[in-house]
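The structure appears right after this line, and notes come after that.
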Amino acid sequence: MYFVADFLSDTMEDAQVTCIRLAPADLHRVLDVRKPFNLDFDDAYQYAAAEKHSLQLVSFDGDFDRSPRGTGGCTGGVTPAPTVIYFIN
């Protein structure tokens with residue numbers, strides 16, 4: 001039987017997932033990218049975090065298609081490494 005602890009181990013620990021976040025001073029960039037790319041706050045946060053860390057966004061969320069960081073692999077484009085994967089909540 002598959003338990004929650006096994007799931008966490010498989011998806012977080014063994015996969016070497018790294019959480020990235022923005023400092024309070026970076027939140028101005030979140031507001032800056034909202035309007036030109038027509039992103040809501042959580043998408044703009046993901047975009048700004050990817051931008052700060054030089055990451056490519058990969059998502060099934062079409063909202064990112066309007067941005068230079070795109071959605072790479074999920075829409076048929078080529079995604080350069082490193083990559084941040086944004087899971088739609």
(request) State the CG-OH distance between L27 and Y45, to the nearest 0.5 angstrom. (result) 6.5 Å
Sequence neighbours excluded and cut-off under 3.5 Å, please list the side-chain donor-acceptor pairs for residues 28-37, or say none.
| unit_1 | atom_1 | unit_2 | atom_2 | d |
| --- | --- | --- | --- | --- |
| R29 | NE | E51 | OE1 | 2.6 |
| R29 | NH2 | E51 | OE1 | 3.4 |
| R29 | NH2 | E51 | OE2 | 2.9 |

(request) Please round to the nearest 0.5 Å and tell me the distance separating atom CD of Q46 and atom CG of L22. (result) 8.5 Å
(request) Working to the nearest 0.5 Å, report the span between CG of D26 and NZ of K52. (result) 3.5 Å
